[in-house]
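Below is one structure, written out as structure tokens; the observations come after it.
Lettering follows sequence order; numbering is per chain, from 1.
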There are 2 protein chains.
Amino acid sequence: MGRRGPYVCGIDAAMDVVSGKWKSLILWELHHHGARRFGELRRGLPGVSEKMLAQHLREMEEDDLVRREVFDQVPPRVEYSLTDSGRSLNEALRAVGVWGQQRLRRLAEPA
Amino acid sequence: MGRRGPYVCGIDAAMDVVSGKWKSLILWELHHHGARRFGELRRGLPGVSEKMLAQHLREMEEDDLVRREVFDQVPPRVEYSLTDSGRSLNEALRAVGVWGQQRLRRLAEPA
DNA sequence: ACAAGTACGCACTAAATAGTAAGTATGGGG
DNA sequence: CCCCATACTTACTATTTAGTGCGTACTTGT
């Protein structure tokens with residue numbers, strides 16, 4: 001899929017790992033719910049398909065943003081949580097989220 | 001192109017306007033060079049095609065991130081600069097850029 | 001016996017995004 | 001006269017990304 005470098009600067013390197021329709025939302029979900037199972041995440045992200053969710057989680061695992069823990073049970077149980085790197089990325093995105101909320105307000109009030 | 005809403009949260013609303021291979025870099029270029037002409041931007045973003053640059057600039061103008069000024073001269077002169085909204089988005093992205101630089105360091109030192 | 005829930009993988013299709021090459025109008029330089 | 005530069009647009013193609021639906025293996029519930 002994506003490129004994983006070479007990057008011309010930090011923003012470039014960061015945007016590469018968050019670009020993907022659901023990645024920032026996955027980060028957010030995991031951040032404020034802690035560990036979540038595949039199905040919980042799916043229900044928390046209305047509209048995501050199983051395929052995309054799995055694919056994004058794989059990539060984020062490869063990029064060391066999320067940790068995947070498999071419990072040897074039946075029915076299968078798999079939990080996802082943020083790594084330190086994922087947590088700090090999510091924090092770095094906070095200011096962006098605030099900007100986005102202002103944008104939402106601007107869009108809502110056409111003045 | 002994209003969606004321009006509806007958005008489930010601020011991050012979503014913000015990511016929508018910065019997603020695009022060059023948008024964050026355009027923001028950065030305009031931020032630390034001030035007003036720039038089309039050709040200057042193109043030369044400042046190695047690898048961008050004229051088509052993509054024009055397309056991204058149109059979208060960013062629509063999203064009120066950049067301002068476009070046309071000078072009635074021959075040969076044509078068009079200048080792009082950040083709006084207040086674009087400037088504040090760029091500031092919000094600063095933390096993300098810092099995170100990305102750390103990632104670059106991690107990628108460089110495979111330790 | 002049969003459907004549901006679990007966490008996916010795979011094949012196929014559709015849609016979005018990006019690249020390439022050419023064309024537009026104008027004036028200056030060789 | 002022809003080419004270069006400016007700032008694009010358009011047409012066509014290629015690549016990437018996303019959506020749909022089915023299959024898997026096992027267990028509990030009806």
Global bending angle along the helix from C:dA1-D:dT30 to C:dG30-D:dC1, which compares the axes of five pairs at either end, to 10 degrees
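The end-segment axes of the helix from C:dA1-D:dT30 to C:dG30-D:dC1 are tilted 30° relative to each other.
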In terms of relative ring orientation, are B:Trp28 and B:His32 parallel, tilted or perpendicular, with 30° and 60° separating the classes?
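Perpendicular, since the angle between the ring planes exceeds 60°.
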Report the distance from atom CD of A:Gln55 to atom CE of A:Met52, rounding to the nearest 0.5 Å.
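Rounded to the nearest 0.5 Å, the CD-CE separation comes out at 4.5 Å.
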Under 4.0 Å from OP1 or OP2 of [N]: is there any side-chain N or O of [X] that close?
{"X": "B:Arg68", "N": "D:dA7", "value": "no"}
{"X": "B:Arg77", "N": "C:dT26", "value": "no"}
{"X": "B:His56", "N": "C:dT17", "value": "no"}
{"X": "B:Lys21", "N": "D:dT16", "value": "no"}

side-chain contact (heavy atoms from CB on, under 4.5 Å) partners for B:Leu104, two or more places apart
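A:Tyr7, A:Ala13.
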Between the protein and nucleotides 10-15 of chain C, which nitrogen or oxygen pairs come in under 3.5 angstrom?
none

Side chains of A:His33 and A:Leu41 in contact at under 4.5 Å (non-hydrogen atoms):
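Counting from C-beta outward, A:His33 and A:Leu41 never come under 4.5 Å.
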Are B:Arg106 and B:Trp99 in a cation-pi contact, defined as NZ or CZ under 6.0 Å from the six-membered ring centre and within 45° of the axis?
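B:Arg106 over B:Trp99 ring: yes.
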Of the residues in residues 29-43 of chain A, which ones touch DNA chain C at a heavy-atom distance under 4.0 Å?
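Going residue by residue through residues 29-43 of chain A, the ones with a heavy atom under 4.0 Å of DNA chain C turn out to be A:Arg37, A:Phe38, A:Gly39, A:Arg43.
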Does A:Asp63 have any salt bridge (Lys or Arg N to Asp or Glu O under 4.0 Å) partners at least two apart in sequence or in another chain, and if so, which?
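Salt bridge (Lys or Arg N to Asp or Glu O under 4.0 Å) check on A:Asp63 returns A:Arg4, B:Arg103.
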For a quick test of reading the model, state the closest non-hydrogen atom pair linking A:Ser24 to B:Met15 and the distance between them.
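So the two residues come closest at OG-CG, 3.8 Å.
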Using whole Å, what does the distance between atom C1' of nucleotide C:dA21 and atom CD of B:Glu50 come to?
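In whole Å, C:dA21 C1' and B:Glu50 CD are 11 Å from each other.
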Quickly work out the B:Leu53 CG to C:dG19 C1' distance and round it to whole Å.
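So the CG-C1' distance, B:Leu53 to C:dG19, works out to 14 Å.
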B:Ile26 pairs by side-chain contact (heavy atoms from CB on, under 4.5 Å) with which of B:Asn90, B:Val48, B:Val18, B:Leu45?
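Passing option: B:Leu45.
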Categorize A:Tyr80 for me: base, sugar-phosphate, or nothing, with a 4.0 angstrom heavy-atom threshold over every strand shown.
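Sugar-phosphate only.
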Dump the pairs, protein N or O against N or O of nucleotides 27-30 of chain C, anything under 3.5 Å, distances to one decimal.
none

